[in-house]
Amino acid sequence: MAFEFPNIFLLAVDDRHFLHAPRAELTIEVDQAAASTIDSILDGEQQSHDAVTEPWRDFLRNAAAATPTVSAKRNYRVNPSGQIDFQPTSATLSLTTGCNLRCVYCHIHGGEENRSMPIDVARAVISFVADNAARSCEETISFDFHGEGEPTFNWPLFREVVEYAESVAADRGLELNLGLQTNGLWNETQRAFICAKFDSISVSLDGLDCVQLEQRPTPNGKRSFPTIRENLIAMSKAGVPFAVRATVMPNSLDRMESLIDFLLERTHARSIGFEPVEPVGRGDGVDADQDFKSAFAARLLDAMGYGRKKGVEVAYSGCSHVAGKSFCGATGDVISMTVMADGTVSSCYEVPSEEHHLGGFFIFGAFNPAAGTFDFDQNRLRRLVNYRSTDNSPCGSCFAQSSCKGDCLTRRSMDALLNGGFSSRCSVNKTVAKGAMILNAETVLQKALNEREA
């Protein structure tokens, strides 16, 4: 690929050819003749300026020069002495390690301990965020509830923290945005409270009754699906928006479409994300080998096509077409502040402590009981702010870089993080990215044809 046309890719899929320009958010199918011309231009072999070549050369230049809209906002400032002044106006609270499920693959061994965040820590998080909003002249503060266990498991604490956030926002004239990642195993009273208070809700549901029982049983091995189904249906009837997130294991590879059908027929959810199981935590030993990854990618693409026909968006975190420099807020200009139950601060909710094999990278602070606020490690914070996953890695020349954005950094070893290396999901991401590009190109073409006929 010539230096003149960075981030322009010509992809061959069977006997078809696709021009992919991620910065221009463009994927189009071209015929063999056009593909040969484009290939020669990208390789620097085609130097002529004839009537066939020159329009393509201009098109490629414009596509390469396109710049997607990416927020340049930061949640920190660097003071004159070079210290980073961390000023987040949002945070994630991991209120408890307790859980009312025993998912067989849980990366964090949720529920095996039952520790909860002291209320003083939770209040300190909320006050810290609200103070930063005032300093930054922001009008909104946001809190997500996620982390080491089921956020609603310690219900009295969950309710108290939500109500405290409401009172702080009201006292300071701030808008409050609340998000919840949950297993959806609530009683009717809990459901009413959650539906009334939360702006976004994501429910983890791996499939229908048999899949849920196999993968997400209760501590005593009982079914969790009936209660979750009841809550999803009730939220739909009440008009409460929510999304669904599912983990796919080898035994549930062929059951994605049945979950899509359930959501379509019984709820108003029109968005579901599928993720392949990772062999970590309680999932250590799961046979998630290359054959499984290949099968997951193929079945996910089938589910994407099926969902598109049915009007359901099927997503996967390793293939996002939202413009951005980083996969998430673990690194970059807007560092995530996830506070664990013991007051440890991580930029990733999957890394709860220094004992985690990636703790030395993601952990960057802790609650200081004596001061009643948080202390941040300047060296680690600086590394997180300046880190770019494509540095010293294979990502820079990969056609999928704009969709996976280096992928979830916990899918790399510490050596790969620091010295450049592959994500464990690279093969999946590339396959899904290529398939999604084709699906999108075909959808755009079909829409244009329909409009022409109309």
Side-chain angles (χ1 to χ4, degrees), residues 9 11-14 18 20 22 27 103-107 204 206-207 211 215 243-257 259-260 271-281 283-308 312-322 324 326-328 330 348 350 358 389-390 393-413 415-417 420-441:
F9 303 91
L11 307 175
V13 182
D14 298 327
F18 294 85
H20 179 51
T27 302
C103 303
V104 298
Y105 52 77
C106 182
H107 67 92
S204 292
D206 289 354
V211 174
Q215 299 184 189
V244 171
R245 186 252 188 227
T247 295
V248 178
M249 297 183 70
N251 64 342
S252 57
L253 276 167
D254 295 323
R255 300 177 186 180
M256 297 187 207
E257 292 177 4
L259 181 54
I260 294 172
S271 175
I272 179 169
F274 289 104
E275 300 293 326
V277 66
E278 288 292 320
V280 296
D284 187 23
V286 172
D287 191 12
D289 59 8
Q290 187 56 48
D291 288 341
F292 166 74
K293 293 176 182 178
S294 297
F296 170 80
R299 294 299 293 118
L300 177 66
L301 288 170
D302 291 341
M304 284 180 169
Y306 184 76
R308 187 159 298 194
V312 176
E313 178 188 9
V314 175
Y316 161 60
S317 64
C319 182
S320 169
H321 295 289
V322 178
S326 303
F327 176 85
C328 66
C348 175
E350 291 194 22
L358 298 177
S389 61
T390 54
S393 82
C395 298
S397 59
C398 178
F399 76 91
Q401 61 173 297
S402 63
S403 57
C404 85
K405 300 174 184 64
D407 201 15
C408 175
L409 297 181
T410 65
R411 303 313 187 249
R412 302 187 187 195
S413 65
D415 180 67
L417 272 178
F422 291 95
S423 159
S424 63
R425 307 194 305 182
C426 271
S427 62
V428 175
N429 296 345
K430 291 177 182 179
T431 300
V432 175
K434 186 177 289 188
M437 291 172 198
I438 296 171
L439 184 61
N440 290 338

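On a predicted model such as this, the values are computed, not experimentally measured, just so you know.
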Next item on the list: State, with a plain yes or no, whether a side-chain heavy atom of Met249 is found less than 4.5 Å away from one of Phe292.
Entry: no

Next item on the list: List for me each residue that meets side chain to side chain donor-acceptor pair (under 3.5 Å) alongside Asp415, sequence neighbours excluded, and say none if there are none.
Entry: Asn419

Next item on the list: Please name the pair of heavy atoms, one in Arg425 and one in Gly318, separated by the smallest distance, quoted to 0.1 Å.
Entry: NH2-N, 3.8 Å

Note to self: side-chain contact (heavy atoms from CB on, under 4.5 Å), that's the test. Do Val432 and Met304 meet it? Break it down for me.
What the structure shows: CA-CA 10 Å; Val432 175; Met304 284 180 169; 3.9 Å; yes

Next item on the list: Report the distance from atom OG of Ser252 to atom CZ of Arg299, rounding to the nearest 0.5 Å.
Entry: 10.5 Å

Next item on the list: Measure from the side-chain N and O atoms of Gln215 to the backbone N and O of Thr247, and report whether any donor-acceptor pair falls under 3.5 Å.
Entry: yes

Next item on the list: Write down the atom of Leu358, the atom of Ser413, and the distance for their closest heavy-atom approach.
Entry: CD2-C, 4.0 Å

Notebook entry, point to check: Mind checking what makes side-chain contact (heavy atoms from CB on, under 4.5 Å) contact with Cys328, not counting sequence neighbours?
Noted result: Ala330

Check: Looking at NZ of Lys293 and CG of Leu300, how far apart are the two atoms once the value is rounded to the nearest 0.5 Å?
Finding: 15.0 Å

Checklist line | Over all atoms of both residues, closest heavy-atom pair of Gly305 and Leu439 | finding: N-CD2, 4.0 Å

Next item on the list: Check whether any side-chain N or O of Lys434 sits under 3.5 Å from a backbone N or O of Phe399 as a donor-acceptor pair, and report yes or no.
Entry: no

Note to self: Can you tell me how far apart CD (Gln401) and CG (Asn429) are? Round to the nearest 0.5 Å.
What the structure shows: 12.5 Å

Note to self: Using the side-chain contact (heavy atoms from CB on, under 4.5 Å) criterion, which residues pair with Thr27? Sequence neighbours excluded.
What the structure shows: Phe18, His20, Met437, Ala441

Check: Which heavy atom in Pro279 sits nearest to a heavy atom in Ala288, and how many Å separate them?
Finding: CD-CB, 4.1 Å

Next item on the list: Go through the structure and list residues passing side-chain contact (heavy atoms from CB on, under 4.5 Å) with Glu313, not counting sequence neighbours.
Entry: Ser271

Margin query: Test of understanding: with side chain to side chain donor-acceptor pair (under 3.5 Å), list the residues that count as partners of Arg255, not counting sequence neighbours.
Written below: none

Notebook entry, point to check: Does a donor on one side chain and an acceptor on the other come within less than 3.5 Å for Arg411 and Ser317?
Noted result: no

Checklist line | Residue pair Leu409 / Cys348, side-chain heavy-atom distance below 4.5 Å | finding: no

Check: Residues two or more places apart in sequence or in another chain: which of them pass side-chain contact (heavy atoms from CB on, under 4.5 Å) with Ile260?
Finding: Ile272, Phe274, Ala303, Tyr306, Val312, Val314

Item checked: Heavy-atom check, side chain of Glu275 versus side chain of Tyr316, under 4.5 Å -> yes

Next item on the list: Search all heavy atoms of Ser424 against all heavy atoms of Glu278 and return the closest pair with its distance.
Entry: OG-OE1, 3.8 Å

Notebook entry, point to check: Do Glu257 and Asp302 come within less than 4.5 Å of each other through their side chains, counting heavy atoms only?
Noted result: yes

